[in-house]
> 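Just dropping this structure here.
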Amino acid sequence: MKLLQFFVACAAIPVSLLVNASPLPIEDSPLRTDGSPTQPAHVFGRSVCKPLSKPKGRLFNIGGTTQYFAGTNAWYLGHLWQNSDVDLALSQIAATGYKVVRTWGFGTTNNAATTTDVYYQVLNSSGQYFNYNPSNGIPRLDYAIATAETYGIQLVLPLLNNYDDLGGINTYTNAFGGSHNDFYTNPAAQKAYKKYIKLIVNRYKSSCAIFAWQLANEPRCSTCNTSVIYNWASDISKYIKSLDSRHMVSLGDEGWLTPPQGDGSYAYSGYEGVDFVKNLEIPTLDYGTFHLYPSQWGYNYSWGNTWIEQHNAIGKAAGKPVVLEEYGVPDQSIRKDVEGEWQSTVVNKTSVAYDSFWQFGTGLPSGVNPFDGYAVYYGTDEYETLGKKHAKDMSAKKAKAIL
């Protein structure tokens with residue numbers, strides 16, 4: 001999902017703190033902001049995890065049980081300034097019965113002096129820098145992951161954004177040159193991206209809270225040959241597996257199809273440079289992802305059921321799990337009915353392993369509002385149906401992939 005830049009109420013945060021948060025440059029191993037040669041200690045790996053999540057045919061074994069389940073998206077968990085906000089969101093997500101939450105594992109800026117967001121790294125002409133400032137750096141992600149462990153929630157962590165929100169592909173091209181589409185084959189950009197991957201994966205790979213690493217949020221290479229993203233995804237997923245062979249890896253794409261799939265219209269044209277069918281063949285990608293936003297893409301809402309069933313059929317042919325990773329309706333007056341119909345299709349007509357609507361909303365104690373017009377708010381009638389009831393329906397489904 002492309003976010004509107006979210007505005008945290010950070011007026012109380014001194015500008016001097018944001019400016020002085022810039023960490024020292026790194027080479028192969030990260031440095032603390034105080035210059036010591038090791039990164040700050042973290043709390044992961046102290047508890048004994050249940051068996052790590054893994055594919056089981058077209059489903060997942062999670063927590064030692066092969067099952068269907070529901071999840072949600074809460075992109076903002078590692079970008080919240082206040083611990084109490086993270087605590088509340090994850091406690092309510094757990095109370096819903098969700099197993100997995102997708103939250104951003106990226107946060108990049110080209111200028112630490114001007115950003116008002118939490119950020120994890122800086123990329124500019126002077127080099128690559130990691131931010132370990134406790135108030136607005138990587139420790140914010142530490143807290144989100146540690147809290148997810150506490151509540152028994154597992155996380156999907158995308159490591160890059162296709163869009164500019166919170167530092168996407170263009171923060172790399174701003175630093176290393178080229179266009180958005182050049183990123184995928186730019187050696188300097190890929191070297192920096194792999195350094196960031198190495199930092200995050202090595203930092204959290206012992207955490208019980210990791211469900212999967214994800215290459216990017218909705219990667220696109222508009223008008224490119226689909227081989228560009230295919231080759232990039234093959235290389236990056238293989239690299240992640242070399243760092244952590246135990247956890248799953250996914251692409252994070254929207255599931256775009258190419259001829260002869262479909263009718264040749266936008267979602268089936270290959271315009272965005274993604275071939276879902278071909279990418280699902282990559283051996284170092286453990287499952288396929290697809291998203292669903294008919295109102296953004298120029299389709300009617302009923303077409304969403306077709307999109308779901310088409311991806312289910314492709315997953316069946318490939319013998320891999322597929323996940324309806326994002327879906328949403330901006331019109332609240334029809335959201336419950338439309339999304340409810342999509343959920344019914346997932347439950348009753350497919351073997352889609354899990355689904356997660358965009359996005360989980362709630363009233364956070366600090367008063368910040370990281371939510372967009374697609375949010376489904378905890379405690380509302382809409383949430384009772386699309387959240388709690390659907391989570392129960394998915395969990396109750398017999399764990400066989402027969403559709």
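Heads up: numbering here begins at 1 and tracks the sequence. Keep in mind it's a predicted model, so treat the numbers as computed, not measured.
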> Side chains of Thr66 and Asn61 only: does a donor on one sit below 3.5 Å from an acceptor on the other?
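There is such a pair (donor and acceptor under 3.5 Å, judged by atom type) between the side chains of Thr66 and Asn61.
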
> In the structure I gave you, are the side-chain heavy atoms of Glu218 and Tyr163 within less than 4.5 Å of one another anywhere?
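Yes, their side chains come closer than 4.5 Å.
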
> Side chains of Asn83 and Arg140: is there a donor and an acceptor less than 3.5 Å apart?
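Yes, Arg140 and Asn83 have a side-chain donor paired with an acceptor closer than 3.5 Å.
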
> Would you check if the side chain of Thr109 reaches a backbone N or O of Asn111 as a donor-acceptor pair within less than 3.5 Å?
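Indeed, once roles are kept as given, a pair shorter than 3.5 Å links the two residues.
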
> Quiz question: by atom type and distance under 3.5 Å, do the side chains of Ser265 and Tyr299 form a donor-acceptor pair?
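Looking only at side-chain atoms, Tyr299 and Ser265 do form a donor-acceptor pair, the distance falling under 3.5 Å.
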
> Is there side-chain contact between Pro370 and Leu364, with at least one heavy-atom pair below 4.5 Å?
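Answer yes - side chains close enough.
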
> Side chains of Gln67 and Ser395: donor-acceptor distance under 3.5 Å anywhere?
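Note: Gln67 and Ser395 side chains miss the donor-acceptor criterion.
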
> Counting only N and O atoms by type, is there a donor-acceptor contact under 3.5 Å from the side chain of Asp275 to the main-chain atoms of Lys278?
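Yes, Asp275 side chain to Lys278 backbone: donor-acceptor pair under 3.5 Å.
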
> Is Arg220 salt-bridged to Asp253, cutoff N-O under 4.0 Å?
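No salt bridge links Arg220 with Asp253.
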
> Can the ring centres of Tyr377 and Phe371 be said to be less than 6.0 Å apart?
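That pair passes the under 6.0 Å test.
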
> Measure the OG-CD1 distance between Ser234 and Ile282 for me, rounded to the nearest 0.5 Å.
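Result: 3.5 Å between the selected atoms.
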
> Which side chain to side chain donor-acceptor pair (under 3.5 Å) pairs, counting each pair once, include a residue from residues 176-185, with sequence neighbours left out?
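Listed by first then second residue: Asn162-His180, Ser179-Asp182.
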
> Would you please say whether a donor-acceptor pair under 3.5 Å links the side chains of Trp213 and Asp244?
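The answer is yes; a qualifying pair exists.
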
> Tell me whether the centres of the aromatic rings in Tyr268 and Trp307 are closer together than 6.0 Å.
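Yes, the ring centres sit under 6.0 Å apart.
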
> Using a distance-only test with no angle check, is there a side-chain donor-acceptor pair under 3.5 angstrom linking Thr171 and Thr108?
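Side chains of Thr171 and Thr108: no pair found under 3.5 Å.
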
> Counting neighbours of NZ on Lys397 that are heavy atoms of other residues, nucleotides or ligands and sit closer than 6.0 Å, is the number greater than 12?
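For Lys397, atom NZ is crowded (more than 12 foreign heavy atoms under 6.0 Å).
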
> Could you check whether Ser356 and Glu325, counting side-chain N and O atoms only, form a donor-acceptor pair closer than 3.5 Å?
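Glu325 vs Ser356: no donor-acceptor pair found between side chains.
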
> Show your working on side-chain hydrogen bond (donor to acceptor under 3.5 Å, both in side chains) between Thr345 and Glu309 and close with a plain yes or no.
CA-CA 8 Å; Thr345 295; Glu309 292 187 67; 5.2 Å; no

> Check Leu77, Leu90, Ile145, Ile153 against Thr103 for a side chain to side chain contact (heavy atoms under 4.5 Å, CB included) and give me the one that passes.
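Answer after filtering Leu77, Leu90, Ile145, Ile153: Leu77.
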
> Evaluate the side-chain proximity of Tyr196 to Tyr172: yes if any heavy-atom separation is below 4.5 Å, no if none is.
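They are in side-chain contact.
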
> Does Lys99 use its side chain to pair, donor to acceptor, with the backbone of Gln154 at less than 3.5 Å?
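Not at all, since once roles are kept as given, no pair shorter than 3.5 Å links the two residues.
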
> Does one side chain, of Glu149 or Ser207, offer a donor that lies under 3.5 Å from an acceptor on the other?
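There is such a pair between these side chains.
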
> Check side-chain hydrogen bond (donor to acceptor under 3.5 Å, both in side chains) between Thr306 and all other residues, then give those that pass, not counting sequence neighbours.
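Not a single residue meets the side-chain hydrogen bond (donor to acceptor under 3.5 Å, both in side chains) criterion with Thr306.
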
> Is any side-chain heavy atom of Arg102 closer than 4.5 Å to a side-chain heavy atom of Trp75?
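Sidechains of Trp75 and Arg102: no contact.
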
> How about Tyr98 and Phe360: are their ring centroids closer than 6.0 Å?
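No, the ring centres sit 6.0 Å or more apart.
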
> Taking the side chain from Asn312 and the backbone from Thr350, do they hold a donor-acceptor pair closer than 3.5 Å?
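No; zero donor-acceptor contacts below 3.5 Å.
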
> Evaluate the side-chain contact (heavy atoms from CB on, under 4.5 Å) criterion for residues Trp232 and Tyr193: first the C-alpha distance (whole Å), next the side-chain angles of each, then the deciding distance (0.1 Å), finally the verdict.
CA-CA 12 Å; Trp232 173 77; Tyr193 178 48; 3.8 Å; yes

> Please check this pair: side chain of Gln190 against backbone of Phe183, looking for a donor-acceptor N/O pair closer than 3.5 Å.
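Yes; at least one donor-acceptor contact below 3.5 Å.
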
> Any side-chain heavy-atom pair from Gln343 and Leu386 closer than 4.5 angstrom?
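Yes, close enough: below the 4.5 Å cut-off.
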
> Side chains of Gln261 and Gln310: any donor to acceptor distance under 3.5 Å?
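No - no donor-acceptor pair under 3.5 Å links their side chains.
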
> So, for Tyr204 and His247, is the gap between ring centers shorter than 6.0 Å?
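Ring centroids of Tyr204 and His247 are no less than 6.0 Å from each other.
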
> Considering residues at least two apart in sequence or located in another chain, which fulfil the side-chain hydrogen bond (donor to acceptor under 3.5 Å, both in side chains) criterion with Glu339?
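Partners of Glu339 under the side-chain hydrogen bond (donor to acceptor under 3.5 Å, both in side chains) test: none.
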
> Tell me, do Leu324 and Tyr354 make a side-chain contact under 4.5 Å, heavy atoms counted?
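The answer is no, as the side chains (C-beta and beyond) never meet within the 4.5 Å cut-off.
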
> For the atom pair CG (Leu292) and NE2 (His311), what is the distance rounded to the nearest 0.5 Å?
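The distance works out to 9.5 Å.
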
> Pairing donors with acceptors under 3.5 angstrom, does anything connect the side chains of Asn348 and Ser344?
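There is such a pair (donor and acceptor under 3.5 Å, judged by atom type) between the side chains of Asn348 and Ser344.
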
> Going by an N to O cut-off under 4.0 Å, is there a salt bridge joining Asp142 and Arg203?
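Here Asp142 pairs with Arg203 in a salt bridge, since their nearest N and O are under 4.0 Å apart.
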
> Determine, using ring centers only, whether His291 and Tyr327 are less than 6.0 Å apart.
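Distance test on ring centres: not under 6.0 Å, no.
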
> Pick out which of Arg246, Lys54, Lys241, Lys320 makes a salt bridge (Lys or Arg N to Asp or Glu O under 4.0 Å) with Asp286.
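Going through the options one by one, the only one that passes is Lys241.
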
> Could you grab the distance from atom CZ of Phe69 to atom CG of Leu59, nearest 0.5 Å is fine?
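The distance works out to 9.0 Å.
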
> Does the side chain of Thr284 come within less than 4.5 Å of Tyr239's, by heavy atoms?
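When only atoms from C-beta onward are counted, Thr284 and Tyr239 do not touch, as no gap falls below 4.5 Å.
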
> Under a 3.5 Å threshold, yes or no: a donor from one side chain and an acceptor from the other, between Glu341 and Tyr301?
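Glu341 vs Tyr301: no donor-acceptor pair found between side chains.
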
> Examine Trp256 together with Tyr271 and report whether their ring centres are nearer than 6.0 Å.
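No - the distance between ring centres of Trp256 and Tyr271 does not fall below the 6.0 Å cut-off.
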
> Just how far is it from atom CG of Asn170 to atom CG of Asp165, taken to the nearest 0.5 Å?
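These two atoms lie 11.0 Å from each other.
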
> Hey, mind stepping through Val338 and Trp342 against side-chain contact (heavy atoms from CB on, under 4.5 Å) and telling me if it holds?
CA-CA 7 Å; Val338 173; Trp342 295 341; 3.5 Å; yes

> Sort out for me which residue in Phe357, Tyr374, Trp358 forms a ring pair (Phe, Tyr, Trp, His ring centres under 6.0 Å) with Tyr293.
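In the set Phe357, Tyr374, Trp358, the residue that makes a ring pair (Phe, Tyr, Trp, His ring centres under 6.0 Å) with Tyr293 is Tyr374.
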
> Give a yes or no answer on whether the side chain of Asn161 reaches the backbone of Trp104 with a donor-acceptor pair at less than 3.5 Å.
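No, because the side chain of Asn161 does not come within donor-acceptor range (under 3.5 Å) of the backbone of Trp104.
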
> Could you walk me through whether Gln214 and Thr289 pass the side-chain contact (heavy atoms from CB on, under 4.5 Å) check?
CA-CA 10 Å; Gln214 194 162 89; Thr289 63; 4.0 Å; yes

> Give, for atom CG of Leu257 and atom OG of Ser269, the distance between the pair rounded to the nearest 0.5 Å.
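Interatomic distance, Leu257 CG to Ser269 OG, rounded to 0.5 Å: 10.0 Å.
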
> Any side-chain heavy atom of Glu272 within less than 4.5 Å of one from Tyr266?
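Yes. Closest side-chain heavy atoms under 4.5 Å.
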
> Walk me through it: do Val274 and Glu254 pass the test side-chain contact (heavy atoms from CB on, under 4.5 Å)?
CA-CA 8 Å; Val274 174; Glu254 294 149 287; over 6 Å; no

> Which pair of heavy atoms, one from Ala112 and one from Thr115, lies closest together, and at what distance?
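In this case the closest contact between Ala112 and Thr115 is O-CG2, 3.6 Å.
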
> Tell me whether Glu384 at atom CD has more than 12 heavy atoms from other residues, nucleotides or ligands lying less than 6.0 Å away.
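Yes, because the 6.0 Å sphere around CD of Glu384 holds more than 12 heavy atoms from other groups.
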
> Would you please classify the geometry between the His79 ring and the Tyr120 ring as parallel, tilted or perpendicular, with 30° and 60° separating the classes?
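Rings of Tyr120 and His79: tilted, 30 to 60°.
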
> For Lys194, is there an ion pair with Asp235 - N to carboxylate O distance below 4.0 angstrom?
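Looking at Lys194 together with Asp235, the answer is yes, because their closest N to O distance falls below 4.0 Å.
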
> Salt-bridged, Asp331 to Arg335, with N to O below 4.0 Å?
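Result for this pair is no, no salt bridge flagged.
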
> Which pair of non-hydrogen atoms, one from Leu123 and one from Ala192, has the smallest distance, and what is that distance?
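That would be CD2-CB, 4.3 Å.
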
